Number of protein chains: 2
Amino acid sequence: MERGRGALGPALELVHTGRAPTRAVLTAELGVTRATAGAVAAELEALGLIQVDARPGAAAGSQGRPSHRLAIAPGGPVVLAAQIHADGFRAALVGLGGRMIATAPGCMTVPADPSHIIDAVVEAGAGLLRATGRRCLGAGLAVPSAVAEPEGTALNPLHLSWPAGAPVRTLFTEALAKAGVPGAGSAPATGVTGNDVNLAALAEHRHGAGRGAEHLLCVATGHRGVGGALVLDGRLHTGSSGLALEVGHLTVNPAGMPCHCGSRGCLDVEADPLAFLTAAGRAPGPEVSLLQQSRELLRTEYADPSVRAAAELLIDRLGLGLAGLVNILNPDRVILGGLHRELLDADPERLRAVVADRSLWGRSGSVPILPCTLDHNSLIGAAEAAWQPVLDDPLAALD
Amino acid sequence: MERGRGALGPALELVHTGRAPTRAVLTAELGVTRATAGAVAAELEALGLIQVDARPGAAAGSQGRPSHRLAIAPGGPVVLAAQIHADGFRAALVGLGGRMIATAPGCMTVPADPSHIIDAVVEAGAGLLRATGRRCLGAGLAVPSAVAEPEGTALNPLHLSWPAGAPVRTLFTEALAKAGVPGAGSAPATGVTGNDVNLAALAEHRHGAGRGAEHLLCVATGHRGVGGALVLDGRLHTGSSGLALEVGHLTVNPAGMPCHCGSRGCLDVEADPLAFLTAAGRAPGPEVSLLQQSRELLRTEYADPSVRAAAELLIDRLGLGLAGLVNILNPDRVILGGLHRELLDADPERLRAVVADRSLWGRSGSVPILPCTLDHNSLIGAAEAAWQPVLDDPLAALD
DNA sequence: GTATTTTGTTCAGCGTCGGCACAAAGTCAG
DNA sequence: CTGACTTTGTGCCGACGCTGAACAAAATAC
């Protein structure tokens, strides 16, 4: 039949991640002939996923015929993205290209029953779908817990007071069916569920500070504990059962505080917001998340010697943990989120020096360490995970 | 032209790893039609790589027409495999299927100049090539050091008293040219060089205890220090610059011995043969490698309480390190080599209990921990790395 | 000995992509 | 303004490599 069926997925991914702004670039990136790239672009346009603009406005200065501009189709399909975090939840519709179409935040005290909050966030998303009338192709949910595969259960939703082993994917899929959220075909959506740091890493890789990295390590801390993620060749490395990059129990302070894991001085208890507030001599309040309190303290009272000393202590411990991870994973880029991102901003040289000093050789010592750049990266990441089937095979996903 | 060009590489790999003993199985594994699989098998046979036996002797009991048997061609091409270790060096010719065709051990006191020993081991291998008259398609070298990519330099050849940063790949390639070892086309071979534990992991994955694992973690200790390796989906994960899985500086004993890295209680100094001999109160002798001395002690004097206590101490510390790695990498299998293999054999339940206790959730806690099963697995692994271009594209490699 | 099952082989058909020629749309030099 | 040049988009043909179906071969089952 037509040309360009094999390259449909890769082509969509290139446009999706902004690496193919024009048809000429698409041709080069795919490594195919202009004829094939043209057929691919036409097919994606016919599917309603991208838009081919023959009039690029002002061309890029070089001579020759101007290339057609490729963009995500404005009114195209979306996915439902949802996130549950220490301060509440958030639902959004996200289009290709990581564009947030609509969002609905929800601040609720998290009930012990996970099904209530998952129902609520899905219902908020379904409301956005009804309000916008956009076609929905999938749904993704980010939770602050390791998610075991293939079961889809949350193993340590510590600060949500959920039971360990809550079947979040099943609950999410059931909530989607209840709310009538459609999926790829015409059947109800099958929800994708993942750890929030993992999904944030995916989002940063596709649309943020991780663009172009082949081996991307992300480390972040939100409320309690420390999470990690690794993106290898564009795919999330979740290990054989979804539990990879549980980095919280690296030893970073041999004389440190006891951890619930049985050891002492783990990253989890030495480099999270609670550790920072404690080191700074502040009593954490119950009203907002520990991350917000820590961020506020760091930004407004960094001149205070006790705050500065606490920051440096945490930087040193985080650096030790990062060095250990760099020695094991040898990433070509490291991105920090949550409080770790604030610590990096506060004193980038100190953190980079600690990592370089303790990671052993070669370029490992000078691995770039960057702050994350996307707002709501876990939410965008949940959308990325939901988009994945479409990116893998647009024809099958749109039937 | 002919059928079955795209599937040529995958098909050869299936025969190579023993996963396609017959043509019918090959058809199923490749997911193609019988016609295509037949063409592929015929093409590989024409290339002189495999052998198709129409007479399988005794069929496998089921009814229907017996399937043709696929095997590695007996007189087929080989690669030159070389290994340098604490006790000397070894050269070998290795055919497809991981079959050792010929081997030449060399026990020499390692000179400070790496080029001498690399010349010697390559010359030994070239001698085997001359003696057997086999066609050579490539060459691989295993060294007890991290090898930085893309430079191909040995960064920490500690117990070889080599200079850090020795350009081992360049030296290896030059030695191959000097000895007239042919490569893929008719040009001299371009040598592949890698860390010995990495290559051992590759060999175990293809032909040993790691067969079928998707996420395989290997940890081993030879003379001094501890090495690690990860095989992901059949490919070695070496990180962005070849330095991944440098696991020696995980903290496993907060109150432990100081390490040259600046920390204390690192796996490198707490779970290697020297640590074992020291813990058992034995003074290491200079004549043979510390691994051999440790192995001897463990096998002959395990009844001695001080030896047993030392073994248990090392098992506990190794277990802590393995648990940390399991939490980060979430492998579906762990294979131990060198002294770690002996420790596993000495008390498998103790080691598995420590890992299960400290690795956090789900199946991570019950990840299978197995001893390596291949003799000379680093050497076979060097051969695997040398075979890789042929497995990736047999036509191009044989031109 | 005949039916059944499974495997190997031959051949036609066709989907998908590369290569080529040509058209289109801009810049650059005069 | 015009013509040469450069780069991009499009239509057509052929080739490569696979699927599918029909047929042949080699064993077992009854």
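Per chain, numbering begins at 1; letters A, B, ... match sequence-line order. Since this is a predicted model, take the numbers as computed values, not measurements. All values below were derived from every heavy atom in this structure, side-chain atoms included, with hydrogens, water molecules and symmetry-related copies excluded.
- For Ala24(A), the side chain to side chain contact (heavy atoms under 4.5 Å, CB included) partners are Thr22(A), Ser67(A), not counting sequence neighbours.
- For DNA chain C, the residues of residues 17-30 of chain B within the heavy-atom distance limit of 4.0 Å (strictly under) are Arg23(B), Ala24(B), sorted by number.
- For dT6(C), the OP1/OP2 oxygens have no side-chain nitrogen or oxygen of Ser67(B) closer than 4.0 Å.
- In this view, Arg19(B) and Thr17(B) satisfy the side chain to side chain donor-acceptor pair (under 3.5 Å) rule, not counting sequence neighbours.
- For Arg333(B), the side chain to side chain contact (heavy atoms under 4.5 Å, CB included) test picks out Ala213(B), Leu216(B), Pro368(B), Leu370(B), with sequence neighbours left out.
- Note: CD (Gln63(A)) to C1' (dT8(D)) measures 13 Å, nearest angstrom.
- One atom, NE2 of His68(A), and another, C1' of dT7(D), lie 12 Å apart when rounded to the nearest Å.
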Can you pull every protein N or O that's under 3.5 Å from an N or O on nucleotides 19-25 of chain D?
{"from": "dT19(D)", "atom 1": "OP2", "to": "Thr33(B)", "atom 2": "N", "distance (Å)": "3.3"}
{"from": "dT19(D)", "atom 1": "OP2", "to": "Thr33(B)", "atom 2": "OG1", "distance (Å)": "3.2"}
{"from": "dT19(D)", "atom 1": "OP2", "to": "Thr36(B)", "atom 2": "OG1", "distance (Å)": "2.9"}
{"from": "dT19(D)", "atom 1": "O4", "to": "Arg3(B)", "atom 2": "NH1", "distance (Å)": "2.9"}
{"from": "dA25(D)", "atom 1": "N3", "to": "Arg65(B)", "atom 2": "NH1", "distance (Å)": "3.4"}

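- Within a 6.0 Å radius of CZ in Arg211(B), more than 12 heavy atoms belonging to other residues, nucleotides or ligands are found.
- Listed by chain and number, the residues in a side chain to side chain contact (heavy atoms under 4.5 Å, CB included) with Val192(A) are Ala385(A) (sequence neighbours excluded).
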Taking distance alone, no hydrogens or angles, what donor-acceptor pairs closer than 3.5 Å link side-chain atoms of residues 28-37 of chain A to residues at least two apart or in another chain?
{"from": "Thr33(A)", "atom 1": "OG1", "to": "Thr36(A)", "atom 2": "N", "distance (Å)": "3.4"}
{"from": "Thr33(A)", "atom 1": "OG1", "to": "Thr36(A)", "atom 2": "OG1", "distance (Å)": "3.1"}

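- Shown here are the salt bridge (charged side-chain N to carboxylate O under 4.0 Å, His left out) partners of Glu204(B), two or more places apart in sequence or in another chain: there are none.
- Across all strands, Gly6(B) comes closer than 4.0 Å only to sugar-phosphate atoms, never to a base (heavy-atom distances).
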Donor-acceptor list for residues 229-239 of chain A side chains, cut-off 3.5 Å, not counting sequence neighbours:
{"from": "Arg235(A)", "atom 1": "NH1", "to": "Asp392(A)", "atom 2": "OD1", "distance (Å)": "3.3"}

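- In this structure, Leu8(B) places its CG atom 14 Å from C1' of dC16(D), rounding to the nearest Å.
- Of the residues in residues 42-51 of chain B, none has a non-hydrogen atom less than 4.0 angstrom from any atom of DNA chain D.
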Take Arg5(B) and Glu43(B) through the salt bridge (Lys or Arg N to Asp or Glu O under 4.0 Å) test and state the conclusion after the steps.
CA-CA 9 Å; Arg5(B) 292 304 177 82; Glu43(B) 179 87 30; 3.7 Å; yes
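- To the nearest angstrom, P of dT7(C) lies 17 Å from CG of Asp53(B).
- Residues passing the ring pair (Phe, Tyr, Trp, His ring centres under 6.0 Å) test with His207(A) are His16(A), sequence neighbours excluded.
- Every residue was checked against the salt bridge (charged side-chain N to carboxylate O under 4.0 Å, His left out) condition with Arg23(B), not counting sequence neighbours, and none meets it.
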